[in-house]
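The next block holds one structure in the form of structure tokens; read it before the comments.
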Amino acid sequence: MKLLLALCVLLPVAVQSLMFQPLDCADIYNDGSGRSGVYRIYPAGHDSGRYVYCDMDTEGGKWTVFQRRMDGTVNFYRGWEQYKNGFGHAAGEYWLGLETLNKLTLRKNYELRVDMEDFDGVKVYANYTSFSISPTAIDAEADGYRLHVSGFRDGGAGDSLAYHNGYKFSTFDKDQDSAGGNCAAARLGGFWFNNCQYANPNGIYLWGEANDRGIHWYYWKRNYYSLKSISMKMRPVSRRRSAE
């Protein structure tokens, strides 16, 4: 009898847990989970569950982290299919996936924040009030999962993404940049390369002063300092703010 009563009490909680399918970390935060950590989101319905790291502390929280480098444990020199579908582990270094980013930015208006740190412990960030991936394309992959960012706000890092705005994503096996060669192959990581980059967050993990294949953000440390950590995260905003 006690077991039956316990099951009756727990059943509604279990059902509610199964029914709650958050689109992003903002939905999780609004549901009452205000602690940073790994959660499951559903970008395109009940069969689309993906694990992500939710930053619930930075500037009010609600951030869905889609890229994170922190210790060099994950190889980011990957091909198109892996950048499309995602790789790594949400508890550590990972890339959420271009297809998921497209699905999310079709559902809500997002802002982008890029947090970074050097090996002296100095932290800066760059904020963009509007962020989307191929928002008007019928076929996002055929459009190259094109980057759209605007509304830069400086947190000490400077604007290294404007140069990449409007460009397709490139990998070593799918060259879609504007350069004569393959920027992803030359810089050892996939990104929305122009010719070639002012930002290379998916380059190889090095330690401080190195070469232009490392993790860099040009308008903070130029191209020859590889950062200790960098993370790219998105959060929903109102339509009015995203249009600023």
Side-chain angles (χ1 to χ4, degrees), residues 6-76 78-115 125 127-128 130-135 140-141 145 147 169 171 189-191 201-202 229-238 242:
L7 288 173
C8 290
V9 171
L10 291 174
L11 183 59
V13 177
V15 171
Q16 183 181 23
S17 177
L18 289 172
M19 291 178 62
F20 179 52
Q21 296 182 347
L23 177 70
D24 57 19
C25 294
D27 286 352
I28 293 170
Y29 184 95
N30 293 335
D31 191 59
S33 299
R35 180 177 297 180
S36 293
V38 176
Y39 295 87
R40 194 171 177 88
I41 63 170
Y42 298 82
H46 68 280
D47 291 328
S48 67
R50 301 295 306 274
Y51 285 105
V52 299
Y53 187 85
C54 294
D55 178 353
M56 304 302 198
D57 298 308
T58 302
E59 196 188 14
K62 305 183 181 181
W63 298 99
T64 301
V65 178
F66 65 86
Q67 184 269 6
R68 186 162 65 160
R69 311 294 302 279
M70 54 199 291
D71 53 23
T73 54
V74 173
N75 176 20
F76 274 65
R78 308 273 182 135
W80 178 259
E81 286 300 314
Q82 289 179 293
Y83 269 102
K84 173 185 174 180
N85 297 314
F87 56 85
H89 303 282
E93 295 194 329
Y94 77 106
W95 172 263
L96 182 57
L98 293 164
E99 187 65 20
T100 298
L101 289 179
N102 172 251
K103 285 181 168 60
L104 288 172
T105 59
L106 288 177
R107 299 281 297 276
K108 293 182 181 180
N109 299 303
Y110 284 93
E111 65 177 318
L112 168 70
R113 179 176 169 121
V114 186
D115 283 302
Y125 69 90
N127 178 246
Y128 299 84
S130 181
F131 166 70
S132 61
I133 304 299
S134 290
E141 184 172 10
Y145 296 110
L147 174 67
F169 201 92
T171 57
F191 199 61
N202 296 327
S229 67
I230 188 167
S231 63
M232 305 180 75
K233 57 194 72 173
M234 54 199 291
R235 177 173 69 178
V237 293
S238 67
S242 67

Tested for ring-ring contact (aromatic ring centres under 6.0 Å, His included) against Phe87, the lone hit among Phe76, Phe66, Trp80 is Phe76
Which atom pair, heavy atoms only, marks the closest approach of Pro135 to Ser132? CG-OG, 3.4 Å
Just by distance, no angles: are the side chains of Ser36 and Asp57 close enough, under 3.5 Å, to form a donor-acceptor pair? yes
Determine, stepwise, if the pair Glu111 / Trp63 fulfils side chain to side chain contact (heavy atoms under 4.5 Å, CB included). CA-CA 9 Å; Glu111 65 177 318; Trp63 298 99; 3.6 Å; yes
Donor-acceptor contact below 3.5 Å, side chain Glu93 vs main chain Gly88: no
Measure the CG-CZ distance between Leu96 and Arg50 for me, rounded to the nearest 0.5 Å. 5.0 Å
Spacing of Leu104 atom CG and Phe131 atom CZ [to the nearest 0.5 Å]: 9.0 Å
Arg40 atom CZ: more than 12 heavy-atom contacts under 6.0 Å: yes
For Thr105, which residues count as a side chain to side chain donor-acceptor pair (under 3.5 Å) partner, sequence neighbours excluded? none
Distance check, rounded to the nearest 0.5 Å: Met234 atom CE versus Tyr110 atom OH? 5.0 Å
Closest approach of Ser231 and Val65, non-hydrogen atoms and distance? CB-CG1, 4.4 Å
Could you tell me which non-hydrogen atom of Ile230 sits nearest to which non-hydrogen atom of Gln67, and how far apart they are? O-OE1, 3.5 Å
Return the CD1 to OG1 distance between Ile133 and Thr100, rounded to the nearest 0.5 Å. 11.5 Å
Under 3.5 Å: donor-acceptor pair, side chain of Arg69, backbone of Pro201: yes
Over all atoms of both residues, closest heavy-atom pair of Arg78 and Thr171: O-CB, 3.8 Å
Drop me the distance from Thr73's OG1 to His89's NE2, to the nearest 0.5 angstrom. 8.5 Å
Minimum heavy-atom separation for Asn202 and Gly190, please, with both atom names. ND2-O, 2.8 Å
Show, in sequence, the C-alpha distance, side-chain angles and deciding distance for Trp95 and Phe169, and conclude whether the ring pair (Phe, Tyr, Trp, His ring centres under 6.0 Å) test is met. CA-CA 13 Å; Trp95 172 263; Phe169 201 92; 5.6 Å; yes
Main-chain N/O of Gly61 paired to Tyr29 side chain as donor or acceptor, under 3.5 Å: no
d(Lys62 NZ, Asp55 CG) to nearest 0.5 Å is 13.0 Å
Any side-chain heavy atom of Tyr145 sitting closer than 4.5 Å to one from Lys84? yes
Side chain Asp24, main chain Asp27, donor-acceptor under 3.5 Å: yes
Between Ile41 and Cys25 the two heavy atoms that sit nearest each other are CG2-N, 4.3 Å
Is any side-chain heavy atom of Leu98 closer than 4.5 Å to a side-chain heavy atom of Asn102? no
Can you confirm whether the side chains of Asp31 and Ser33 place a donor and an acceptor under 3.5 Å from each other? no
Between Arg235 (side chain only) and Ala26 (backbone N and O only), is there a donor and an acceptor less than 3.5 Å apart? no
